[in-house]
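Note sheet for the following structure.
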Amino acid sequence: MTITSPHLGSPSVWTDAKLLYALEEVVETELNRHLKVAKDWMPHEYVPWSDGRNFPGLFEDGQAWEKEHSKVTEIGRIALVVNLLTEDNLPSYHHEIASLFGRDGAWGTWVHRWTAEEGRHGIVMRDYLLTSRAVDPDQLEQFRMSHMSEGFESDNRHSMLHSVAYVAFQELATRISHRNTGHQSGDPVCDRMLSRIATDENLHMVFYRNLLKAAFELAPDLTMQAVRDVVVNFRMPGHGIPGFERAAAQMAIGEVYNLRIHHDDVLQPVLRFLKIMEIDGLGPEGLKAQEELGLFLGGLDAEALKFDEKLAARKARMAARAAG
């Protein structure tokens with residue numbers, strides 16, 4: 001895909017390689033900013049180790065898992081499994097971005113730093129889940145093996161620019177999902193752990209969001225098209241998890257992640273920051289993408305309103321049953 005950018009002194013044909021090179025200085029600036037504000041933390045400090053007990057296996061005193069052992073709510077347990085299995089595919093995510101962004105210079109430094117920070121998330125979540133007996137350990141491992149054996153291929157692996165646009169939204173979506181899972185978990189320890197993870201995810205979102213803003217300044221038409229494609233076709237990286245559709249439906253009802261949250265708390269903050277509908281100087285393809293993006297957002301808001309109404313009606317029915 002190529003573009004002639006009206007923001008440059010002379011016509012320029014953009015490719016992934018040229019954009020990677022053009023954005024290198026921005027990546028270095030954002031990387032340095034990130035390293036200044038990011039705070040190291042120790043996963044083991046967020047795990048209630050004293051709650052731990054042996055499971056059956058090598059230990060004669062092992063106690064099989066029972067649902068009653070868990071301190072977290074039903075929706076908390078469902079969301080925790082989905083969130084952890086999503087984090088588990090880090091090797092595939094690293095392969096994708098290392099292939100797209102490269103391993104040299106500021107890009108490469110960011111790729112490895114991001115991977116190291118993300119690695120903490122899976123470590124602390126699994127330690128918490130097993131130590132607190134929040135989930136069935138056998139089922140969790142079976143799901144992990146099934147999910148990781150399938151591997152992961154991003155919908156946006158064909159384009160560096162599409163990938164940057166995707167992670168700008170996806171990192172925020174992950175932050176929101178973790179925070180809401182913590183709020184709905186019913187366990188203050190879990191809430192604190194997921195709050196810490198969410199802070200990382202927010203910093204990752206800021207990195208990619210700022211990079212996306214710089215891409216708009218270089219290649220506005222191409223970037224607008226990438227944002228349109230990503231927003232219209234967005235899906236979370238955990239969509240291949242066994243039973244994902246059912247779990248996603250339960251998380252929607254449980255107000256961990258649903259259409260309203262996706263529209264209001266994920267898409268809109270990034271798009272407002274980019275002032276997406278105010279960008280001018282676009283060519284025909286950029287203008288078309290901008291218009292299609294606006295139409296899609298309007299339709300999504302309408303769908304979210306319908307969901308809100310159904311959820312409110314469901315809550316009213318449950319309240320009436322409880323009162324009766």
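Taking the six-membered ring for Trp and thresholds of 30 and 60 degrees, Trp41 and His121 have nearly parallel ring planes, at less than 30 degrees apart. Ring geometry, Tyr93 versus Phe152: the interplanar angle exceeds 60°, so the pair is classed perpendicular (tilted spans 30 to 60°). Using cut-offs of 30° and 60° for the angle between ring planes, the Trp110 and His204 rings count as perpendicular.
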Exercise. Would Val189 and Val47 satisfy side-chain contact (heavy atoms from CB on, under 4.5 Å), going step by step from the backbone distance to the final call?
Worked result: CA-CA 8 Å; Val189 174; Val47 179; over 6 Å; no
For this session: List the steps and the verdict of side chain to side chain donor-acceptor pair (under 3.5 Å) for Thr174 and Gln170.
Result: CA-CA 6 Å; Thr174 304; Gln170 181 266 321; 2.7 Å; yes
Problem set entry | Trace of the side-chain contact (heavy atoms from CB on, under 4.5 Å) decision for Glu201 with Glu118 | CA-CA 8 Å; Glu201 303 290 8; Glu118 287 287 343; 3.0 Å; yes
Problem set entry | side-chain contact (heavy atoms from CB on, under 4.5 Å) between Gln63 and Asn54, worked out | CA-CA 6 Å; Gln63 184 179 8; Asn54 291 334; over 6 Å; no
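Of the residues Ile279, Leu282, Asp221, the one that meets the side chain to side chain contact (heavy atoms under 4.5 Å, CB included) test with Leu287 is Leu282. Just one residue in the list Phe207, Trp114, Trp107 forms a ring pair (Phe, Tyr, Trp, His ring centres under 6.0 Å) with Phe101, and that residue is Trp107.
Thr181 and Asn83 form a side-chain donor-acceptor contact under 3.5 Å, judged by distance and modelled atom types alone. Side-chain polar atoms of Gln268 and His262 form no donor-acceptor pair below 3.5 angstrom. A donor atom on one side chain and an acceptor atom on the other are found under 3.5 Å apart for Tyr128 and Asp187. Side-chain contact, Glu87 with His178: a donor N or O sits under 3.5 Å from an acceptor N or O. The closest side-chain donor-acceptor pair between Glu96 and Ser92, if any, does not fall under 3.5 angstrom. Using modelled atom types and a 3.5 Å distance limit, the side chains of Asp229 and His162 yield a donor-acceptor pair.
Environment of CZ in Phe296: crowded, with over 12 heavy atoms of neighbouring residues, nucleotides or ligands closer than 6.0 Å. The number of heavy-atom neighbours closer than 6.0 Å to CG of Asp104, taken from other residues, nucleotides and ligands shown, is 12 or below. Surrounding CD of Glu150 are at most 12 heavy atoms belonging to other residues, nucleotides or ligands under 6.0 Å away.
Using a 4.0 Å cut-off between charged side-chain N and carboxylate O, Lys213 and Glu217 make no salt bridge. Using a cut-off of 4.0 Å between Lys/Arg side-chain N and Asp/Glu carboxylate O, Arg179 and Asp200 are scored as not salt-bridged.
Residue pairs meeting the side chain to side chain donor-acceptor pair (under 3.5 Å) criterion with at least one member in residues 291-309, sequence neighbours excluded, are Arg228-Glu292, Arg260-Asp301, Arg260-Asp308.
Using a 4.5 Å heavy-atom cutoff, the side chains of Arg133 and Phe55 are in contact.
Within the cation-pi definition used here (under 6.0 Å to the ring centroid, within 45° of the axis), Arg157 does not qualify as a partner of Tyr166.
In this structure, His44 has its ring center no closer than 6.0 Å to that of Trp49.
Panel note: side chain Glu24, backbone Ala106; a donor-acceptor pair is recorded below 3.5 Å.
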